[in-house]
Amino acid sequence: MFSLTGIERRYGAQVALRIDRWEVEAGERWLLAGPSGSGKSTALALLCGLLRPTAGTIVVAGQNLAALHGTALDRWRGRTIGFVPQRLHLVAALSVLDNLLLAQYLAGRPADVDPAREALAAVGMSAFLKRAPATLSRGQAQRVAVARAVVNRPALLIADEPTASLDDAHAERTLALLTAHAAAYGATLVIASHDSRIRHAFAKRLDLVPAAARAEAA
């Protein structure tokens with residue numbers, strides 16, 4: 001599904017992330033682990049093409065990301081990757097349903113209400129189609145974000161710290177939603193988290209080390 005080779009991301013002289021090699025097969029579930037400051041969010045942004053590596057090669061679903069730019073990159077991302085960010089970024093001016101239709105538009109797909117409704121039904125949000133994001137609870141908004149991430153049936157489903165701010169019950173439900181959707185669509189699932197409560201769900205993991213710890217080890 002994807003491979004990262006010789007990856008380094010720098011901010012000035014500071015190395016924020018280094019991954020020598022990370023290869024993931026289609027349909028696998030991975031936990032990207034490490035404490036705050038270890039580069040988990042940076043790694044996910046690189047996988048999505050939201051950031052460029054300072055060095056190294058990233059290939060996702062057979063596509064070398066270095067070859068994509070601008071609108072082509074945006075549309076490839078929308079078709080290939082479903083992303084649940086830490087800050088959910090639902091568009092406040094749009095209804096719950098229209099947030100999903102926007103995800104279709106950004107992927108270069110025609111607006112299709114049926115899969116959007118199906119995705120929202122799968123997360124128990126059918127009664128909220130016309131609601132504004134500001135009227136939702138945190139848990140409801142997160143379910144909408146999951147539905148938005150899967151509406152285009154992505155090959156790669158990514159979530160950044162999806163359970164960090166949730167209580168035990170909601171954390172378990174969110175994890176179940178993500179794993180169920182990945183299984184339903186045959187998607188590869190990568191969750192970045194330092195939440196020890198969800199580690200049991202992953203047989204595969206990559207542990208990242210903060211830059212300061214790498215410097216001390218050297």
Would you say Asp160's side chain and Gln86's backbone share a donor-acceptor pair under 3.5 angstrom?
-> no

Can you check whether Ile191 reaches Phe202 side chain to side chain, under 4.5 Å on heavy atoms?
-> yes

Starting at OG1 of Thr42, measure out to CG of Leu47 and round the result to the nearest 0.5 Å.
-> 11.5 Å

Steps toward side chain to side chain contact (heavy atoms under 4.5 Å, CB included) verdict (Arg199, Leu31) = CA-CA 7 Å; Arg199 290 178 182 171; Leu31 177 66; 3.7 Å; yes

For Gln140 and Val96, what are the C-alpha separation, side-chain angles and deciding distance, and is it a side chain to side chain contact (heavy atoms under 4.5 Å, CB included)?
-> CA-CA 10 Å; Gln140 290 168 339; Val96 164; over 6 Å; no

Which pair of heavy atoms, one from Leu73 and one from Gly49, lies closest together, and at what distance?
-> CD2-O, 3.4 Å

Find out if a path of hydrophobic residues (ILVMFWY) with successive side-chain heavy-atom gaps under 4.5 Å connects Val146 to Ile81.
-> no

Tell me the salt bridge (charged side-chain N to carboxylate O under 4.0 Å, His left out) pairs involving residues 168-194, sequence neighbours left out?
-> Asp168-Arg197

From Leu156 CG over to Cys48 SG, what is the distance, rounded to the nearest 0.5 angstrom?
-> 7.0 Å

For the atom pair CD (Glu8) and CD1 (Ile19), what is the distance rounded to the nearest 0.5 Å?
-> 11.5 Å

Do you know which two heavy atoms are closest between Leu178 and Leu157, and how far apart they sit?
-> O-CD2, 3.8 Å

Does CZ belonging to Arg153 count more than 12 external heavy atoms closer than 6.0 Å?
-> no

Would a hydrophobic clustering, with Ile, Leu, Val, Met, Phe, Trp and Tyr connected at side-chain separations under 4.5 Å, put Val91 with Leu97?
-> no

Do Arg9's NZ or CZ and the ring of Tyr11 fall within the cation-pi criteria of under 6.0 Å and 45°?
-> yes

Answer yes or no: is there a donor N or O on one side and an acceptor on the other, between the side chain of Gln142 and the main chain of Pro162, under 3.5 Å?
-> yes

Heavy atoms only: give me the nearest His194-Gly34 pair and the separation to one decimal.
-> CB-O, 3.4 Å

Got a donor-acceptor contact below 3.5 angstrom from the Thr135 side chain to the Arg131 backbone?
-> no

Looking only at atom types and distance, does a side-chain atom of Arg148 sit under 3.5 Å from a main-chain N or O of Leu100, one as donor and one as acceptor?
-> no

Minimum side-chain heavy-atom gap Val144-Pro133 below 4.5 Å | no

Would you find a donor on one side and an acceptor on the other, under 3.5 Å apart, between the side chain of Arg52 and the backbone of Leu65?
-> yes

Short side-chain to backbone donor-acceptor contact, Gln63 and Val60, under 3.5 Å = no

Please say whether more than 12 non-hydrogen atoms of neighbouring residues, nucleotides or ligands are located less than 6.0 Å from OH in Tyr185.
-> yes

Give a yes or no answer on whether the side chain of Asn152 reaches the backbone of Ala103 with a donor-acceptor pair at less than 3.5 Å.
-> yes

For the residue pair Met125 and Arg117, establish whether any side-chain heavy-atom pair is separated by less than 4.5 Å.
-> no

Do Leu189 and Trp30 have side chains that get closer than 4.5 Å, going by heavy atoms?
-> no

Distance in Å, Arg21 CZ paired with Thr5 OG1, rounded so as to fall on 0.5 Å steps | 3.5 Å

Can you tell me how far the CG atom of Asn99 sits from the CG atom of Leu129, to the nearest 0.5 Å?
-> 12.0 Å

Please confirm whether the backbone N or O of Pro35 pairs with a side-chain atom of Ser38, one donor and one acceptor, at under 3.5 Å?
-> yes

Side-chain heavy atoms under 4.5 angstrom apart, residues restricted to Ile, Leu, Val, Met, Phe, Trp, Tyr: same cluster for Ile158 and Leu50?
-> yes

Note: Thr163 and Ala171 closest approach over all heavy atoms is CG2-O, 3.6 Å

Pairing residues for Asp20 by the salt bridge (charged side-chain N to carboxylate O under 4.0 Å, His left out) criterion, not counting sequence neighbours | none

If every non-hydrogen atom of Pro154 is compared with every non-hydrogen atom of Ala149, which pair is closest and at what distance?
-> CG-O, 3.3 Å

What do the steps show when you test Phe128 against Leu120 for side chain to side chain contact (heavy atoms under 4.5 Å, CB included), and what is the final call?
-> CA-CA 9 Å; Phe128 297 81; Leu120 288 165; over 6 Å; no

For Met1 and Thr188, which heavy atoms make the closest approach, and how far apart are they?
-> CG-OG1, 3.5 Å

Can you find a pair of side-chain heavy atoms, one from Val190 and one from Trp22, that are under 4.5 Å apart?
-> yes

Examine Val84 and Leu102 and state if one hydrophobic cluster contains both, with Ile, Leu, Val, Met, Phe, Trp and Tyr joined whenever side-chain heavy atoms are less than 4.5 Å apart.
-> no

Evaluate the side-chain proximity of Arg109 to Arg75: yes if any heavy-atom separation is below 4.5 Å, no if none is.
-> no

Side chains of Ile58 and Asn64: does their closest heavy-atom pair fall under 4.5 Å?
-> no

Is there side-chain contact between Pro115 and Gln104, with heavy atoms separated by less than 4.5 Å?
-> yes

Same cluster for Val150 and Trp76 if Ile/Leu/Val/Met/Phe/Trp/Tyr side chains link at under 4.5 Å?
-> no

How far does CZ of Phe2 sit from CD of Glu23, to the nearest 0.5 angstrom?
-> 10.0 Å

